[in-house]
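Below is one structure. I have some questions about it.
To find a chain, count down the sequence lines: A is the first, B the second, and so on, and within it residues start at 1. Side chains included, hydrogens not; waters and symmetry mates left out as well; all remaining heavy atoms used.
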Amino acid sequence: MHVPDGFIDAPTSLAAGAVAVMGVGLCLRGARRELNERTAPLAGLVAAFVFAAQMLNFPVASGTSGHLLGGVLAAILVGPFTGALAVTTVLLVQALLFADGGLTALGVNIVTMAFVTVAFGYPFFRLLAWAMPRRRDLLPVAAAVAALVSVPVASLVFVGFYSVGGTVDLSVSSVAAAMVGVHLFIGIGEAVITGLTVASVITVRPDLVYGARGLLPRAQLELRIPTPSTAASGGQP
Amino acid sequence: MNPGSRSRRDIGVLMGFLVAALLLAGVVSYYASGDPDGLNKVAIDKQFASSEQPHDLDDSPLAGYATTGVDDERFSGGLAGVIGVAVTLVVAGGVALLIRRREPQETRPGATSGPSA
């Protein structure tokens, strides 16, 4: 869904760029609370994994391809603010190093693919997971459903940008219908990759999955080796 | 430094992501579909694809996920993918390490900041 230069006019691109800068500032503050000694390396690797997965365009209907966006996946694994930063990093590397995604469209791309997928998909995942029975094997299902829906939602936000600043005058409803239609199919791929990846990590290390916090029976998440910080804060009366 | 057994056990998951990323970007990416993606397909169908402007960095050494100077298509794309994985890892991991919460035992004795209250 990488928007190239020229699709969206300059004022709209600039406004999106301003939103992206403010959003990154917000994420840098929020991510501080999500990251510690142990999760920081995971954040880097999740970003690298999303970059790699985004190279893999899979075929969808009628001569069209799609690839992972990764916002929901990254948010579930390392937290929403860190996840949005991870996808933002991927988009910056793609635009600056690989000429993938326009430089003037960076703001639009960051807002749609990094912010919208996370801001919509992560709360949706938590809601689904909260409503489901608290079972470890159901969390990947909630992750997959949230991932699926996040893709057409992101495509609708692109249509929103297009309706404001599209350089070609078009019927917004026909573009919206076409975008949501094809991105529902791409969302299936997003769901499969997200579900399988979350399942793989949650099987071996449920405690490393940020989005699983507070959703699994305590025994599975209990710290077996108390760290000095927990001993200091929780141990003293 | 605290060589806790927990951080040691994390290495399995971390290595899993690293190996998967390198394999996907370095090897599997060669088999990715070359068809237009969802947005490009809609742009073609709805006839706004022609409004696309060339990318300012189209002449850069890794533009289009191909490594300039490497003739073999498979190796050129794979190398570009591996470089992308490495750069993304360093940038995202570096930012994460810079902004992370410091554990109490990590703060230097002379440091003024810290959650000592």
Checking heavy atoms, do the side chain of A:Val3, its backbone, both or neither come under 4.5 Å from chain B?
both
Looking at B:Gln53, is its backbone amide N or carbonyl O close enough to the side chain of A:Asp5 to form a donor-acceptor pair, meaning the two atoms are under 3.5 Å apart?
no
Would you call B:Phe17 and A:Val201 a side-chain contact if the rule is heavy atoms closer than 4.5 Å?
yes
Rounded at 0.5 Å granularity, tell me how far CG in B:Leu98 sits from CZ in A:Arg32.
11.0 Å
Cut-off 4.5 Å, heavy atoms of chain B, and the answer for A:Tyr162 is side chain
Selection from B:Ala92, B:Ala63, B:Gly84, B:Gly12 maximising heavy-atom pairs under 4.5 Å formed with chain A:
B:Gly84
Using a 4.5 Å cut-off on heavy atoms from C-beta on, say whether the side chain of B:Val95 contacts that of A:Leu28.
yes
Partner chain B: residue of A:Gly63, A:Gly66, A:Ala47 with the largest heavy-atom pair count (under 4.5 Å)
A:Gly63
So do the side chains of A:Glu37 and B:Arg100 get within less than 4.5 Å of each other, counting heavy atoms only?
yes
Heavy-atom proximity to chain A below 4.5 Å, by part of B:Ser29
both
Side chain, backbone, both or neither: which part of A:Leu56 has an atom under 4.5 Å from a heavy atom of chain B?
both
Tell me, side chain or backbone of B:Pro54 under 4.5 Å from chain A's heavy atoms, or both, or neither?
backbone
Top of B:Ala21, B:Ser33, B:Ala25 for chain A proximity - count of heavy-atom pairs under 4.5 angstrom
B:Ser33
May I ask you to test the B:Asp10-A:Arg205 pair for a side-chain heavy-atom distance under 4.5 Å?
yes
Can you tell which of A:Ala43, A:Gly166, A:Gly102 has the highest number of heavy-atom pairs within less than 4.5 Å of chain B?
A:Gly102
Please state whether the side chain, the backbone, both or neither of B:Lys41 comes within less than 4.5 Å of a heavy atom of chain A.
side chain
May I ask you to test the B:Lys46-A:Ser174 pair for a side-chain heavy-atom distance under 4.5 Å?
yes
Given side chains that start at C-beta, do those of A:Asn57 and B:Asp35 come closer than 4.5 Å, heavy atoms only?
no
Quick check on B:Val82 against chain A: is it the side chain, the backbone, both or neither that has a heavy atom closer than 4.5 Å?
neither
Greatest number of non-hydrogen atom pairs under 4.5 angstrom with chain B, of A:Ala48, A:Ser155, A:Ser65, A:Gly44, falls to A:Ser65
I'd like to know which of B:Leu62, B:Leu97, B:Leu24, B:Leu57 tops the heavy-atom pair count under 4.5 Å against chain A.
B:Leu62
Select all residues of residues 90-101 of chain A having any heavy atom within less than 4.5 Å of some heavy atom of chain B, and report them by number, or 'none'.
A:Val90, A:Val93, A:Gln94, A:Ala95, A:Leu96, A:Leu97, A:Phe98, A:Ala99, A:Asp100, A:Gly101
With a 4.5 angstrom heavy-atom cut-off, could you sort out which part of B:Val13 is near chain A: side chain, backbone, both or neither?
side chain
Please say whether more than 12 non-hydrogen atoms of neighbouring residues, nucleotides or ligands are located less than 6.0 Å from OH in A:Tyr210.
yes
Of all of A:Phe158, A:Phe49, A:Phe51, which one pairs up most often with chain B through heavy atoms under 4.5 Å apart?
A:Phe51
Heavy-atom pairs under 4.5 Å with chain A, option from B:Ala96, B:Pro61, B:Gly34, B:Gly16 with the top count:
B:Ala96
With a 4.5 angstrom heavy-atom cut-off, is it the side chain or the backbone of A:Phe58 that approaches chain B, or both, or neither?
backbone
Closest approach of B:Ser51 and A:Val168, non-hydrogen atoms and distance?
CB-CG2, 3.9 Å
Can you tell me how far the CD1 atom of B:Ile99 sits from the SG atom of A:Cys27, to the nearest 0.5 Å?
9.0 Å
Residue among B:Val28, B:Asp37, B:Ile83 with most heavy-atom pairs under 4.5 Å to chain A:
B:Asp37
Has B:Asp58 got more than 12 heavy atoms of other residues, nucleotides or ligands less than 6.0 Å from its CG?
yes
Side-chain contact, heavy-atom cut-off 4.5 Å: B:Leu14 with A:Leu42?
yes
At a 4.5 Å cut-off on heavy atoms, which part of A:Leu85 comes close to chain B: side chain, backbone, both, or neither?
side chain
Within the 4.5 Å heavy-atom criterion, are A:Met179 and B:Leu39 side-chain neighbours or not?
yes
For A:Leu77, is it the side chain, the backbone, both, or neither that has a heavy atom closer than 4.5 Å to a heavy atom of chain B?
side chain
Within residues 64-79 of chain B, which residues come under 4.5 Å of chain A, heavy atom to heavy atom?
B:Gly64, B:Tyr65, B:Gly77
Could you check which of B:Gly26, B:Ala80, B:Gly38 has the highest count of heavy-atom pairs closer than 4.5 Å to chain A?
B:Gly38
Segment of A:Thr167 engaging chain B (4.5 angstrom heavy-atom cut-off):
side chain
Interchain contact, B:Val85 with chain A, by part (heavy-atom threshold 4.5 Å)
both
